[in-house]
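Written below as structure tokens is the structure these notes are about.
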Amino acid sequence: MGHLGGSASAEIDAPLEEVWAVLQDVMAAPEWQGGLDKVTALERDADGRATLVDTEADIKVRRVKSRVRIRYEGPTRLSWTQEKGDMKSVDAVWELEDLGNGRTRASYRLDADPGRVLGLIIRGPVEAASRAIFVNGRPGELRRRVEGG
């Protein structure tokens, strides 16, 4: 398998600024993102936001560690790129769109190359389960976090 990723989106019953506030709080992401177990800040920007973090995720067949560089382009875009880790490469982005009337569309895209060894482990049903958690489920998790408080 040479690719793990895809995109998904959800409409959220909250203004763009509220959704952005949740997204930019990267250190709280394990509280609402399934499979993401740990985030440790290594560097922060002038606003105190984490810009380089170590993460640990459970992809069901093993734990995966990554060091990712985060870019804040608020209030509509948050992206990150793996600098080193267990996967060959990981790039992801959240994009927010103001739909008016206090509603926001949140779109999430993940592009990951697990590499040869990990790719042999993540196949078939495991690949589908990983995609369901790490791609398809993300916008719904964000919606629940924002709307549910």
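It should be emphasised that the depicted structure is a prediction, and the values quoted were computed from it without experimental measurement. Quick note: numbers below take in every heavy atom, side chains included, and nothing from hydrogens, waters or symmetry partners.
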Result of checking E97, R143, R105 against E11 for side chain to side chain contact (heavy atoms under 4.5 Å, CB included):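 Among the candidates, only R105 passes.
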Verify the distance criterion only: is there a donor paired with an acceptor across the side chains of [X] and [Y] at less than 3.5 Å?
X: D54; Y: T40; result: no
X: R71; Y: T81; result: yes
X: E95; Y: S107; result: no

Got [X] and [Y] here, is their nearest side-chain heavy-atom distance under 4.5 Å?
X: M27; Y: R44; value: yes
X: D25; Y: W32; value: no
X: D37; Y: P30; value: no

What are the two closest non-hydrogen atoms of [X] and [Y], and how far apart are they?
X: R145; Y: V22; value: CG-CG1, 3.7 Å
X: I70; Y: A50; value: CD1-O, 3.8 Å
X: M87; Y: Q82; value: O-NE2, 2.7 Å
X: Y108; Y: A92; value: OH-CB, 3.9 Å
X: V53; Y: A41; value: CG1-CA, 4.0 Å
X: L78; Y: L23; value: CD2-O, 3.4 Å

Has [X] got a side-chain atom pairing as donor or acceptor with [Y]'s backbone, closer than 3.5 angstrom?
X: D45; Y: D47; result: yes
X: E141; Y: G34; result: yes
X: T104; Y: A14; result: yes
X: S79; Y: V93; result: no
X: D86; Y: K65; result: yes

Distance in Å, [X] [atom1] paired with [Y] [atom2], rounded so as to fall on 0.5 Å steps:
X: E17; Y: D98; atom1: CD; atom2: CG; result: 7.0 Å
X: L16; Y: R103; atom1: CG; atom2: CZ; result: 13.0 Å
X: R109; Y: D91; atom1: CZ; atom2: CG; result: 9.0 Å
X: L142; Y: S9; atom1: CG; atom2: OG; result: 11.5 Å
X: W20; Y: W94; atom1: CH2; atom2: CH2; result: 12.0 Å
X: E147; Y: E18; atom1: CD; atom2: CD; result: 10.0 Å

Electrostatic pair R69-E83, nearest N-O below 4.0 angstrom: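 Looking at R69 and E83, the cut-off is met.
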Whichever hydrophobic residues join L42 through chains of side-chain contacts under 4.5 Å: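 ILVMFWY cluster around L42 also holds L52.
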